[in-house]
Amino acid sequence: MVAINSSEPSATYFILIGLPGLEEAQFWLAFPLCSLYLIAVLGNLTIIYIVRTEHSLHEPMYIFLCMLSGLDILISTSSMPKMMAIFWFNSTTIQFDACLVQMFAIHSLSGMESTVLLAMAFDRYVAICHPLRHATVLTLPRVAKIGMAAVVRGAALMAPLPVFIKRLPFCRSNILSHSYCLHQDVMKLACADIRVNVIYGLIVIISAIGLDSLLISFSYLLILKTVLGLTREAQAKAFSTCVSHVCAVFIFYVPFIGLSMVHRFSKRRDSLLPVIMANIYLLIPPVLNPIVYGVKTKEIRQRILRLFLTTTHSSDH
């Protein structure tokens, strides 16, 4: 176990374990993980390409979907290359500043994605509950401003994070139990009072994830109330436009809440469960979101099939 000298209580680097207890199998486990990463990048790039090239899809719902796909690519890319380096080349060392950058990127991008999911819920609420006002409420310039607000909000919430980490002395161990840097994991290595970090983490979770999930739930209660008053045909159409977003919400929030609960109540640092959940949280949503929207959204599905047939036809000639 690599320990930091107690006479120099400031870490210059950390050691990322990868998967505790599965060090011998990490080399082979990296292959399916890398495949999932490539599927995530390719799937989300396909969504972005289709929406960008099809003028009929230049609507708020699909522009928000592009934002979601872009964030999914960035979130998975912020952790997966280093994870692959750990598993394949045993490159377990990460410099302190690089760890801060990775930590800031992962947490801020997660906050941005939560905001985009909230914006998508608002889009569905206006489209279903106030359809005549949808075009005037969610204009393209306003959608762009919402996207910028998501970026600013995510970055602003995480701006104090590097300061709160840098103030901590590290004089015990510099071994992190995850495959990438997480605030919850890093602060537990400090040999000082971490109550400020704990309170800050709770404030961020409540003001971002907690508030967003509450507003999303409230918007769907209003949507449900409106839909129940429609005809069966209109109900089916309304539900079909919402099912993909509901799936995306569950895919994002369930692993996040589960990971937060495990970190909050788990006492063992060598437990494999938090590590697996952390990897699921960063990799599974980017993989599943394009699949969900590709299967459940008729317009996206038709364009993907057309793109595939065009590519196949071109290769035959």
Side-chain angles (χ1 to χ4, degrees), residues 16-51 65-92 94 102-103 105-114 116-117 176-182 185 244-260 262-263 271-297 300-301 304-305 307-308 311:
L16 297 167
I17 292 180
L19 297 173
L22 296 176
E23 287 82 1
E24 297 298 323
Q26 285 183 165
F27 180 84
W28 301 109
L29 290 174
F31 287 98
L33 287 175
C34 185
S35 299
L36 288 174
Y37 171 62
L38 293 176
I39 290 170
V41 172
L42 182 61
N44 285 290
L45 283 176
T46 302
I47 295 290
I48 293 171
Y49 173 79
I50 288 172
V51 174
L65 177 57
C66 274
M67 295 179 190
L68 188 69
S69 294
L71 289 170
D72 279 339
I73 293 173
L74 292 175
I75 287 176
S76 56
T77 302
S78 65
S79 61
M80 287 305 297
K82 180 59 180 178
M83 199 184 301
M84 295 301 100
I86 295 169
F87 292 173
W88 277 333
F89 309 111
N90 199 32
S91 177
T92 57
I94 184 169
Q102 187 184 58
M103 199 187 314
I106 290 171
H107 290 299
S108 61
L109 289 168
S110 297
M112 295 173 200
E113 182 152 340
S114 179
V116 170
L117 287 171
L176 297 172
S177 60
H178 285 66
S179 307
Y180 53 87
C181 294
L182 277 177
D185 199 22
S244 299
H245 178 252
V246 172
C247 290
V249 168
F250 277 101
I251 289 168
F252 176 79
Y253 284 106
V254 170
F256 182 92
I257 294 171
L259 179 62
S260 298
V262 168
H263 272 291
S271 175
L272 187 60
L273 179 61
V275 181
I276 292 176
M277 291 188 68
N279 292 341
I280 288 173
Y281 164 62
L282 286 193
L283 191 56
I284 296 304
V287 171
L288 291 183
N289 282 338
I291 296 173
V292 168
Y293 276 93
V295 171
K296 294 293 184 181
T297 309
I300 297 290
R301 184 173 66 249
I304 290 175
L305 290 173
L307 179 64
F308 176 75
T311 305

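Interatomic distance, L283 CG to C34 SG, rounded to the nearest 0.5 Å: 10.0 Å. Note: H178 NE2 to I276 CD1 = 10.5 Å, rounded to the nearest 0.5 Å. The CG atom of L288 sits 10.5 Å away from atom CD1 of I280, with the distance rounded to the nearest 0.5 Å. Once rounded to the nearest 0.5 Å, the distance linking CE of M103 with CG of L176 reads 8.0 Å. The CG atom of L38 lies 11.0 Å from the CG atom of L33; values are rounded to the nearest 0.5 Å. Here the OG atom belonging to S76 is positioned 8.0 Å from the CE atom belonging to M80, to the nearest 0.5 angstrom.
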After noting the C-alpha distance and the side-chain angles of F256 and S114, does the key distance pass the side chain to side chain contact (heavy atoms under 4.5 Å, CB included) rule? CA-CA 11 Å; F256 182 92; S114 179; over 6 Å; no
Carefully, step by step, assess M112 and L74 under the rule side chain to side chain contact (heavy atoms under 4.5 Å, CB included). CA-CA 11 Å; M112 295 173 200; L74 292 175; over 6 Å; no
Go through the steps for L68 and E113 under the test side chain to side chain contact (heavy atoms under 4.5 Å, CB included), then give the verdict. CA-CA 6 Å; L68 188 69; E113 182 152 340; 3.5 Å; yes
List the steps and the verdict of side chain to side chain contact (heavy atoms under 4.5 Å, CB included) for I48 and I73. CA-CA 11 Å; I48 293 171; I73 293 173; 4.2 Å; yes
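Summarising the geometry of G18 relative to I86, their closest heavy-atom pair is CA-CG2, 4.3 Å, with the distance given to 0.1 Å. In plain terms, the two heavy atoms of V275 and S179 that are nearest each other are CG1-OG, 4.1 Å. Minimum heavy-atom separation, R301 to V295: NH1-O, 2.6 Å. When all heavy atoms of I17 and S177 are compared, the pair lying nearest together is CD1-CA, 4.2 Å. When every heavy atom of I94 is checked against every heavy atom of C181, the shortest pair comes out as CD1-SG, 4.0 Å. Residues Q102 and S78 approach most closely at NE2-O, 3.0 Å, considering heavy atoms.
The main-chain N or O of P286 is found under 3.5 Å from a side-chain atom of N44 such that the two form a donor-acceptor pair. Using a distance-only test at 3.5 Å, with no hydrogens or angles considered, a donor-acceptor pair links the side chain of H245 to the main chain of L117.
Counting heavy atoms from C-beta outward, S110 and Y281 have side chains that approach closer than 4.5 Å. Counting only heavy atoms from C-beta outward, the side chains of F252 and N289 never approach each other to under 4.5 Å. Looking only at side-chain heavy atoms (C-beta outward), L65 and I300 come within less than 4.5 Å of each other.
Of the N and O atoms on the side chains of Y293 and S69, not one donor lies less than 3.5 Å from an acceptor on the other residue.
Within 6.0 Å of OH in Y49 there are 12 or fewer heavy atoms belonging to other residues, nucleotides or ligands. Heavy-atom contacts from other residues, nucleotides or ligands closer than 6.0 Å to CZ of F27 number more than 12.
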